[in-house]
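Worksheet: one structure, shown below.
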Amino acid sequence: MEHAAIHKRPKRAPVLTNYESECAAFSWAKARAQLAGLPGGRGLNIAHEALDRHLETPTADKIALRCLPKSGPPIDLTYRALAHYSARFANLLGRLGVAPGERVFALAGRIPALYGAALGALRHRAVFCPMFSAFGPEPVQQRLALGDGRVLVTTPALYQRKVLPIRARLPGLRHVLLTGCVPGNALPPDTLDLDALLAAEKSEHEIAPTRPDDPALLHFTSGTTGAPKGALHVHEAVVAHVATARYALDLQADDVFWCTADPGWVTGTSYGIVAPLALGVTSIIDEAEFEPRRWYELLERERVSVWYTAPTAVRMLIKAGSALARERRLPALRFIASVGEPLNAEAVRWGLEAFDLPIHDNWWQTETGGIMIANYAALPIKPGSMGKPLPGIEAAIVRREGERVQVVAPGDEGELALRPGWPSMFRAYLNEDARYQKCFVDGWYLSGDLARKDADGTFWFVGRADDVIKTSGHLVGPFEVESALMSHPAVLEAGVIGKPDPIAGAVIKAFVALKPGFERSDALARELLGFARTRLGPAVAPKEIAFTDALPKTRSGKVLRRLLKARELGLPEGDLSTLEPEK
């Protein structure tokens with residue numbers, strides 16, 4: 001019997017067909033020249049590239065965003081309608097006295113107003129900063145204070161729960177704009193009805209001259225300790241957003257694209273808002289949270305062709321079983337990619353089992369602003385690898401030697417470094433210049449991630465520099481141990497830490513979540529220890545196994561190994577503002 005998901009897919013030539021020749025011919029100047037720029041040579045503005053440049057073309061009346069609310073019918077916004085919304089929002093910011101460069105924050109779910117506000121702020125030349133709607137009052141207050149937020153877009157319910165308790169501690173927050181207000185209901189004090197205000201604004205707005213290096217986007221990223229860092233990006237980032245979406249996601253104008261990331265995470269802005277709109281693509285915006293059966297229904301019903309998701313979601317789909325995927329016919333789906341945490345080899349191969357398509361991992365950071373290393377549609381995947389650098393990106397594995405770095409030989413481990421100069425590179429940590437300067441040594445941006453490069457030029461993730469374990473003189477990357485454990489049929493997820501030991505310095509302890517149908521037992525723990533020892537050797541294999549229902553992760557899917565270690569050793573847990581809530 002034919003599985004539903006097995007269906008003949010139309011052949012399509014990928015954007016990147018010859019990796020070596022594309023890298024040789026590429027330049028960021030050529031990529032910049034492919035964008036429209038503001039009329040009259042007045043600079044470069046993200047909102048113009050995402051919306052206005054389409055208004056004199058057939059794309060104007062194409063669906064830009066198909067928004068799927070938690071309840072009710074879809075809300076379709078064409079490029080023209082979204083441009084009009086953003087124009088009204090920009091005009092409103094001007095009326096409220098918001099100056100270019102001031103920060104406009106959003107605290108909302110994946111609703112149309114969030115996307116319109118983002119683009120309206122950008123066309124006004126304000127700096128847009130999205131926050132997760134699941135944040136509690138303290139993370140909201142911390143970010144608004146650090147970012148000197150002057151405008152906040154949110155909903156009445158989120159305002160009451162998340163903002164009102166801390167409003168008095170935000171003297172710089174001048175305007176709170178509430179979307180979705182019920183007509184006739186009184187507004188909370190010192191708030192404004194955004195929808196009513198927008199209705200009174202004109203739908204035309206001329207974008208003022210914008211320099212490519214004018215600030216545009218502010219994304220907060222959590223450190224292991226202390227306050228979150230505010231990474232600042234500029235309008236020129238759109239050059240990299242477009243180029244990398246074409247190369248790494250194979251995104252083309254006739255695609256239906258679903259980026260599952262929330263805009264509170266940089267992926268949800270770079271590839272959930274900017275890149276698909278600049279390419280004239282129709283994007284699916286799903287307000288509801290993850291649920292396997294509904295996700296498969298969405299893929300089928302909306303005829304999604306390119307799907308960009310996170311390893312956490314992939315592992316939860318694996319947990320639900322590939323049979324669920326096979327119930328659906330997905331002939332339109334042609335490319336799947338993942339980012340957030342390195343994708344283990346078993347997850348890459350599971351894509352073939354469930355969708356007849358591999359899952360393409362890629363690597364980047366909040367600081368890079370866009371995809372830097374990827375597995376491509378036209379190249380064979382090495383399961384478990386990060387892939388190869390994007391055209392225009394020079395990457396190397398280096399070791400620090402004081403104020404110099406040394407590029408290491410293929411196969412050796414070191415810190416992943418990038419040559420600065422790509423357009424989406426962050427330009428500052430807000431108000432932390434010394435911290436920013438420490439990221440750059442000897443002409444390289446040092447990522448803090450440890451990796452290795454093989455003889456073929458493919459990069460392999462080892463772990464965060466602060467996650468690597470030194471045990472009995474050996475340096476062990478946790479990802480290698482986790483991947484070995486996850487190749488066991490009982491293991492869904494694994495997180496590995498170094499536990500202090502007076503003799504070895506540290507011993508490796510693994511926290512393991514099991515797949516459905518497997519029960520915790522001492523016998524299974526011994527089996528997993530033996531399995532890992534066989535795969536990895538005694539020096540690298542874990543010495544302890546602890547079972548857990550789920551691993552602590554950020555909303556972007558990264559396993560918080562530092563939190564596992566803090567809880568194990570009774571240490572301070574640090575910044576937990578981006579921790580995914582326990583289900």
Side-chain angles (χ1 to χ4, degrees), residues 311 314-315 318-319 341-350 353 361 382-386 411-414 449-454 458-553 558-569:
V314 172
R315 289 193 286 266
I318 292 172
K319 184 177 181 180
E341 175 87 345
L343 199 63
N344 304 84
E346 294 302 312
V348 176
R349 288 189 278 264
W350 176 82
E353 177 186 329
D361 198 12
K382 292 184 178 181
S385 76
M386 302 158 71
D412 288 350
E413 294 179 3
D449 281 352
L450 298 185
R452 59 183 172 83
K453 183 175 76 169
D454 65 21
T458 300
F459 285 74
W460 299 79
F461 185 79
V462 174
R464 286 292 297 174
D466 47 11
D467 284 338
V468 171
I469 304 160
K470 188 171 185 178
T471 176
S472 299
H474 299 279
L475 288 176
V476 178
F479 181 67
E480 179 183 14
V481 182
E482 292 161 0
S483 295
L485 286 168
M486 289 172 65
S487 66
H488 188 282
V491 178
L492 176 67
E493 293 183 307
V496 166
I497 66 167
K499 185 176 177 180
D501 180 83
I503 298 174
V507 295
I508 297 172
K509 180 170 183 176
F511 296 83
V512 170
L514 299 176
K515 291 178 181 176
F518 292 90
E519 299 293 333
R520 304 179 185 189
S521 69
D522 291 342
L524 181 55
R526 289 193 296 272
E527 180 182 333
L528 292 175
L529 290 171
F531 179 83
R533 189 180 179 92
T534 301
R535 288 291 187 96
L536 299 168
V540 179
K543 301 296 188 292
E544 296 182 39
I545 296 282
F547 294 112
T548 182
D549 291 333
L551 297 171
K553 291 182 285 289
K558 291 184 174 69
V559 174
L560 281 172
R561 299 181 186 92
R562 67 170 177 84
L563 184 54
L564 287 172
K565 188 170 185 177
R567 290 173 175 174
E568 175 73 15
L569 303 179

* Asked: Going by heavy atoms in the side chains, are Pro552 and Arg567 under 4.5 Å from each other?
  -> yes
* Shortest non-hydrogen separation from Glu346 to Ser487 and the atoms involved -> CG-CA, 3.6 Å
* Structure fact -> Between Leu485 and Pro542, the two heavy atoms sitting closest are CD1-CG, 4.4 Å
* Min side-chain heavy-atom separation Ile497-Phe511 under 4.5 Å -> yes
* **salt bridge (Lys or Arg N to Asp or Glu O under 4.0 Å) partners of residues 506-522, not counting sequence neighbours, each pair once** => Lys509-Glu544, Lys509-Glu568, Arg520-Asp549
* Closest heavy-atom contact between Ala347 and Val314? -> CB-CG1, 4.0 Å
* Asked: Are the side chains of Ser385 and Asp361 in touch, meaning some heavy atoms are under 4.5 Å apart?
  -> no
* Compare all side-chain heavy atoms of Met486 with those of Val491 and state whether any distance is below 4.5 angstrom. => yes
* Checking Glu493 side chain against Ala550 main chain: does a donor-acceptor pair fall under 3.5 Å? -> no
* Taking the side chain as every heavy atom from C-beta outward, state whether Trp460 and Val462 have any atom pair closer than 4.5 Å. => no
* Asked: So which heavy atom on Gly411 is nearest to which on Arg452, and how close?
  -> O-CD, 4.1 Å
* Asp454 vs Lys382 side-chain heavy atoms within contact, under 4.5 Å -> yes
* **Closest contact, heavy atoms only, Ala494 versus Leu551** => C-CD1, 3.4 Å
* **Expected output: side-chain Ser521 to main-chain Leu524 donor-acceptor under 3.5 Å** => yes
* If you measure from CG on Leu564 to NZ on Lys499, what distance do you get to the nearest 0.5 Å? -> 12.5 Å
* To do: Write down the atom of Phe461, the atom of Met386, and the distance for their closest heavy-atom approach.
  => N-SD, 3.3 Å
* Is there side-chain contact between Arg315 and Asn344, with heavy atoms separated by less than 4.5 Å? -> yes
* Heavy-atom side-chain proximity of Leu528 to Phe547 below 4.5 angstrom -> yes
* Asked: Heavy-atom count around Arg533 CZ within 6.0 Å, excluding the residue itself: above 12?
  -> no
